[in-house]
Amino acid sequence: MPVHIPEILTPDQVAECRRLVAAGSWVDGRSTAGPQAAHSKKNMQLAPECTKAAAARAVILQALSDGLLFRSLALPRLIYPPMFNRYEEGMTYGLHVDNSVQTIPGANGQMMRADLSATLFLSDPEEYDDGELELVTDSGSELIRLPAGDMIVYPTTMLHRVTPVTRGNRVASFFWIQSLVRDAASRSLLFALDRSIIDLRSRTQPDDPAVLSLTNVYHNLVRQWCDA
Ligand SMILES: O=C(O)CCC(=O)C(=O)O
Ligand SMILES: [Fe+2]
C-alpha cells in the first residue's frame with residue numbers, strides 16, 4: 001500500500017534541488033515514455049544527461065540513503081536514478097502502468113525490476129491547483145498531494161495518473177526501486193516488524209533481551225526472503 005514519507009528532504013535540500021532543476025534543460029516528457037504511455041503523457045522532464053539534473057539527483061540519492069523510514073519500507077537493492085518532471089497548467093499524465101523492468105541509465109545495460117514507484121514533491125501544494133497523483137487501489141482511489149520535501153512510495157503494480165494541473169506548476173522527482181525482498185506481503189511484514197522493534201528499543205534498556213531476539217528474527221527473515 002502507499003506509504004507517505006515526510007521530510008525526506010530538508011527545506012534547504014528542497015531549495016537546492018529547486019534551484020538546480022529550474023536551471024536545467026527541460027524536454028517533452030513523451031521522449032521517455034513507452035508506446036502505451038506516450039499518448040496520455042503531457043508533461044516536461046529534465047533531460048537525463050542534464051548536469052543540473054545530475055546534481056539534484058545526487059542530493060536526493062544521499063537523502064534516500066540517510067532515510068531510515070525509506071530504507072525500512074523499501075529495503076532498496078537498486079534505485080533508478082531519480083528523474084524530474086514538471087506539469088504546467090493543462091498538463092497531465094493519464095492512467096498508466098510503469099514498466100515492470102527497466103534499463104538503468106548509465107549502468108552498462110543493467111536491468112532492474114520496478115517493485116516500488118516514488119514521487120518526491122518539490123513544489124508545495126499551494127503553488128498549483130489539482131495535479132494530484134491518483135493511485136487506483138482495491139477500494140477506490142487515493143489522491144496524493146504532499147508538501148515539498150515529502151515523498152509517496154507505492155507498489156509499481158498500481159495503475160496511477162497525474163490529474164490535469166489547472167493553475168501553476170507542479171515540480172517533482174520520480175523514480176523506481178527494486179527491493180531486496182520481491183514479495184510485497186513479506187516486505188510489508190518486515191516493515192511492520194522493524195517499526196515495532198524501533199519503537200520497543202526506544203522504550204527499553206539498550207540490552208533488552210526481547211529486543212535483541214526480535215532483531216535477530218528480523219535479520220533472519222530478511223536473509224530468508226531476500227532475493228539478492
Ligand atoms: O509525477 C508523478 O507523481 C508521477 C509520474 C509518473 O507516474 C511517471 O512518470 O510514470
Ligand atoms: Fe507512472
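In listed order, ligands and their atoms are each counted from 1. FYI, the numbering just counts along the sequence from 1.
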Ion pair check, Arg18 and Glu16, cut-off under 4.0 Å:
no
Check this for me - ligand 1, Trp176, N or O atoms closer than 3.5 angstrom, yes or no?
no
Salt-bridge present (Asp115, Arg113; N to O < 4.0 Å):
yes
Cationic N near anionic O, under 4.0 Å, Asp199 to Arg195
no
Heavy-atom pairs closer than 4.0 Å: do any link ligand 1 to the side chain of Met83, the backbone, both, or neither?
neither
When only distance counts, is Tyr93 in polar contact with ligand 1, meaning an N/O pair under 3.5 Å?
no
If you compare Leu95, Thr119, Asn43 by their heavy atoms, the one closest to atom 3 (O) of ligand 1 turns out to be Thr119
Within the structure, does Lys41 bring an N/O atom to less than 3.5 angstrom of an N/O atom in ligand 1?
no
Quick check for you: with the Fe ion (ligand 2) as the vertex, what angle do NE2 of His96 and NE2 of His160 span, to 10°?
90°
Would you give the length of the straight line joining atom CG of Leu180 to atom CG of Asp227, rounded to the nearest 0.5 angstrom?
7.5 Å
May I ask you to check whether over 12 heavy atoms, not counting those of Arg182, lie within 6.0 Å of atom CZ?
no
Mind checking whether Gln45 has an N or O less than 3.5 Å away from an N or O of ligand 1?
no
